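Below is one structure, written out as structure tokens; comments come after it.
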Amino acid sequence: MPADATLNRINTLDLFGVVIPGMYLAANVSLLGFAFIDRTQSNQTPWEIINTAVSGLNISGFLILIISGLLLGSMARAFPVKTVDQVSGWLNRLTSFSKRKKGHYSHEFPYNVMLETIFKNIKSEFNLDDKSAPPKTEETYLKRTGIFNFWKILICRESPELFALISSAEARVRMIVGIIWSTAWSSLISLIALVLPYFSQWHEPFILSLAVSVILCLLFTLQLRPMRHEEVRSVFLAFLSLQRKQDLTNNVKA
């Protein structure tokens with residue numbers, strides 16, 4: 001697949017990673033609006049009000065929903081990845097029965113222990129020297145992430161195809177993070193509505209919204225750390241590939 005076509009697919013994935021979580025959050029914010037409408041249309045049940053609003057949605061309303069989703073999704077993407085990544089690591093340790101996996105999920109980004117294991121396993125096979133080794137675990141977080149970001153810049157400069165591969169993995173991670181934040185905020189909206197007496201007639205829709213949001217939030221939070229591991233592995237292996245190529249070129253010249 002040509003690099004430009006791959007990058008277009010990544011941009012599409014990135015766009016949907018903003019719009020879809022944003023539209024989900026917008027729908028839950030709209031539920032509050034429907035609850036207020038119920039005060040002026042007491043002859044309709046909550047489900048009838050929702051059904052009327054959804055069935056009467058026209059092109060203009062759909063465009064407004066998409067724009068709202070884009071804005072709210074961008075807001076959700078602005079929240080830090082590190083916070084939900086730590087929660088994901090904790091949940092994976094809590095739900096794992098394997099001691100090895102518990103240790104696997106106990107380290108912070110960019111998961112140096114995992115990268116050190118990869119490097120040790122393939123070092124002799126591909127004659128890699130220690131200059132390609134990942135930063136040590138005891139290095140500061142800023143230094144480790146700085147080195148990781150340098151790898152990505154190097155890959156971008158040397159190989160657009162490899163950069164498209166790692167960008168696709170990164171876009172999936174950012175999409176999952178957006179979904180986690182949007183479902184978390186939607187859960188909070190439903191909880192507030194269930195506590196306030198003003199929305200007492202709307203408990204059923206808000207209970208359903210809360211249940212769906214909590215389940216989605218937990219499922220995607222559990223998936224975040226494994227997906228981010230995959231992103232980091234792809235970056236590191238792409239970097240090693242370029243280093244190996246450079247070493248072979250230098251050996252030929254020598």
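Because only heavy atoms are used, hydrogens play no part in the values below, and waters and symmetry mates are left out as well, while side chains stay in. Bear in mind that the values here come from a model prediction, so they are computed numbers and not experimental data.
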Least distance between heavy atoms, Ile122 atom then Leu240 atom
CD1-CD1, 3.6 Å

Let me confirm one number: the CE-CZ distance from Met114 to Arg233, rounded to the nearest 0.5 Å.
5.0 Å

Value for CD (Glu230) from CD (Gln223), rounded to nearest 0.5 Å, stands at 12.0 Å

Any donor and acceptor pair, going by atom type alone, linking the side chain of Ser168 with main-chain N or O of Leu165 inside 3.5 Å?
no

Flag the pair Tyr111 / Phe109 as yes when their ring centroid distance falls below 6.0 Å, and as no otherwise.
yes

Nearest heavy-atom pair of Val232 and Pro110: which atoms, and what distance?
CG1-O, 3.4 Å

Counting N and O atoms only, with roles assigned by atom type, does the side chain of Ser213 sit under 3.5 Å from a partner on the main chain of Leu210, one being a donor and the other an acceptor?
no

Whether the side chain of Ser182 engages the backbone of Gly178 through a donor-acceptor N/O pair (distance < 3.5 Å, no angle test) should be reported.
yes

Residue pair Ile67, Leu71: steps toward the side chain to side chain contact (heavy atoms under 4.5 Å, CB included) verdict:
CA-CA 6 Å; Ile67 293 172; Leu71 293 174; 4.3 Å; yes

Going by the rule ring pair (Phe, Tyr, Trp, His ring centres under 6.0 Å), which residues pair with Phe206 if we only count those two or more places apart in sequence or in a different chain?
Phe199

Closest heavy-atom contact between Ile179 and Phe220?
CG2-CD1, 3.6 Å

Check: Ser30 side chain, Ala26 main-chain N or O, donor-acceptor pair, under 3.5 Å
yes

Write down the atom of Tyr105, the atom of Pro226, and the distance for their closest heavy-atom approach.
OH-CG, 3.8 Å

For His203 and Leu194, work out which heavy atoms get closest and say how close.
NE2-O, 3.5 Å

Once rounded to the nearest 0.5 Å, what's the spacing between atom CZ of Phe163 and atom CD1 of Ile153?
9.0 Å

Shortest non-hydrogen contact from Asn28 to Ser190?
OD1-OG, 4.3 Å

Test your reading of the model: is there a side-chain donor-acceptor pair from Ser88 to the backbone of Arg225, 3.5 Å cut-off?
yes

Out of curiosity, Leu237 CG to Phe119 CZ, how far, rounded to the nearest 0.5 Å?
11.5 Å

If you round to the nearest 0.5 Å, how far is CG of Leu91 from CG of Leu224?
10.5 Å

In chain order, what residues pass the side chain to side chain contact (heavy atoms under 4.5 Å, CB included) check against Ala238, with sequence neighbours excluded?
Ile155, Leu162, Ile166

Any donor and acceptor pair, going by atom type alone, linking the side chain of Ser200 with main-chain N or O of Pro197 inside 3.5 Å?
yes

Go through it in stages, so that I can follow the logic: the residues are Glu116 and Lys120, the test is salt bridge (charged side-chain N to carboxylate O under 4.0 Å, His left out), and I'd like the CA-CA distance, side-chain angles, deciding distance and then a yes or no.
CA-CA 6 Å; Glu116 288 171 2; Lys120 289 177 183 178; 5.2 Å; no

Distance (rounded to the nearest 0.5 Å) between Cys217 SG and Leu222 CG
10.0 Å

